[in-house]
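Order of the sequence lines fixes the chain letters, A, B, ..., with proteins taken first and strands second; residue numbering starts at 1 for each chain.
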Amino acid sequence: MDGTERREAWQGEPTVRALRSRDVDAFAALYDLAAPRAYGLALKVLHDPQLAADVVQDAFLWLWQHVEQLDERRGTPTALLLTVVRRRAIDLLRARANGRERRWEEDLELPSGDPRVLELLESHEASARIRRAVDALPTEQRVVLELVYYRGYTAPEVAEALHVPVGTVRSRLRLALGKVRAALGAEVLR
Amino acid sequence: MRCEEVEVLLPEYASGALAPGEAEAVREHLEVCDQHPEAVELVTGVLALAAASEPVSPPPQLRSRVLAAVGAQESGMPSRRRRLSLVASAALLLVALAAGWALIPRGSEDARVLAQATGEDGATLTLVQEGAALVVAVAGLPQPPSGLAYQLWAIRGEEWVPLHTMGAGVTAWRGSVGYPFRRGDQLCLTLEAPEGAAWPTSPPVLVASVVADP
């Protein structure tokens, strides 16, 4: 299976090609498929339904405005959408907390992960497995993951907050992400 | 950036926690170096985290908000293919203005002004119902600053929906919009980047309140 086929493997996800042709129906299908995950992610970061809805709307519009520039050899539309949702949610969170808004210019090119993760996580069982893996992390790793991934802190900021060396923060983050990845099972990246 | 530096930054890179410049440097390195198999693993872990968030049904009206905004952009924001014809239309419109022609067919029984605003410099922003269509007309604007363009918005409560971006150097526009305006909404014009913005980033240039339902 080549990269393109793999990236089209998530059942029902419109292809970049369909979106790039500015097919509103394909975009509506993407909304139906991805919005609950996007909204759930925004809620997890923001704990505010109104702000979460605004972020999701903003992310979908951003995707629509940039869809002609998307490259189907990299990440799926949903992966990009979720990345934008998280970053914008964190921007809002930081702005609300201390006025330190950090505007990300979203990358059109995602870091390359394995897109089959989306296909796998279509099953509730696999998603639950990931959540259990996070819950099972040692406290020090889970705290770092929480602060970096869901609160948007940088490694030096976390190090300062926790009074540990920045190398320790990076090491804990690396271990935490590795365990999350491992919880996906051996079928990914085999 | 050297391999050792990339290795150190990989977890933050995968988590999206690096500043854009650093992230770009790591990405450029990974494009040409195959010595970092862990990068894919870490990014996959992050993607799993995002996708494994408990799905929550968004508010039912969010779908229509998103699709209405997309539809408005699609009807208002020209594709590259249509951009030339829009420029031509704008040129014709300016000729019409110079000749003193009215933008709004006030004599028509089908045309009804729903919202109108006039700026200190004489610029006008108008929403007109023409039969089943809602038509926005903008005229007499000063030249936008270099690198900016006028963008039209519909405002309902706290919600801003982008309708149309007029393009760099364009000071007048007339066209139908797909947004379902109703009494109490507002029509607004701001200065944004020429490709348009998802949210307003500058104070309104003109605001017109919708005084009647279509």
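Salt-bridge check for B:Arg156 with B:Glu159: failed, with every basic side-chain N at 4.0 Å or more from each acidic carboxylate O.
The nearest pair of heavy atoms linking B:Trp153 to B:Ala197 is CH2-O, 3.3 Å. Nearest approach of B:Gly169 to B:Gln143, heavy atoms of both residues: O-NE2, 3.3 Å. When all heavy atoms of B:Leu187 and B:Leu127 are compared, the closest pair comes out as CD2-CB, 3.9 Å.
Highest contact tally toward chain B, considering only A:Val85, A:Asp54, A:Val56, is held by A:Asp54 [criterion: heavy-atom pairs under 4.5 Å]. Interface summary for chain B: among A:Ala155, A:Ala35, A:Pro36, A:Gly178, the most heavy-atom pairs under 4.5 angstrom belong to A:Pro36.
For chain A, the nearby parts of B:Glu7 are the backbone and the side chain; heavy atoms of each come within less than 4.5 Å. Neither the backbone nor the side chain of B:Val26 comes within less than 4.5 Å of any heavy atom of chain A. Contacts of B:Ser15 with chain A are made by both backbone and side-chain atoms, with heavy-atom separations under 4.5 Å. Only the side chain of A:Leu43 has a heavy atom closer than 4.5 Å to any heavy atom of chain B. Only the side chain of A:Val134 comes within contact range of chain B, with at least one heavy atom under 4.5 Å from a heavy atom of that chain. If you measure heavy-atom distances from B:Gln61 to chain A, you find no contacts under 4.5 Å at all. Proximity to chain B is limited to the side chain of A:Asp32, based on heavy atoms less than 4.5 angstrom apart.
Checking side-chain atoms of B:His164 against main-chain N and O of B:Leu152 turns up no donor-acceptor pair under 3.5 Å. A donor-acceptor pair is defined here as one N or O able to donate and one able to accept, closer than 3.5 Å; such a pair exists between the side chain of A:His66 and the backbone of A:Trp62.
Annotation: A:Glu160, atom CD; neighbour count of heavy atoms from other residues, nucleotides and ligands within 6.0 Å does not exceed 12.
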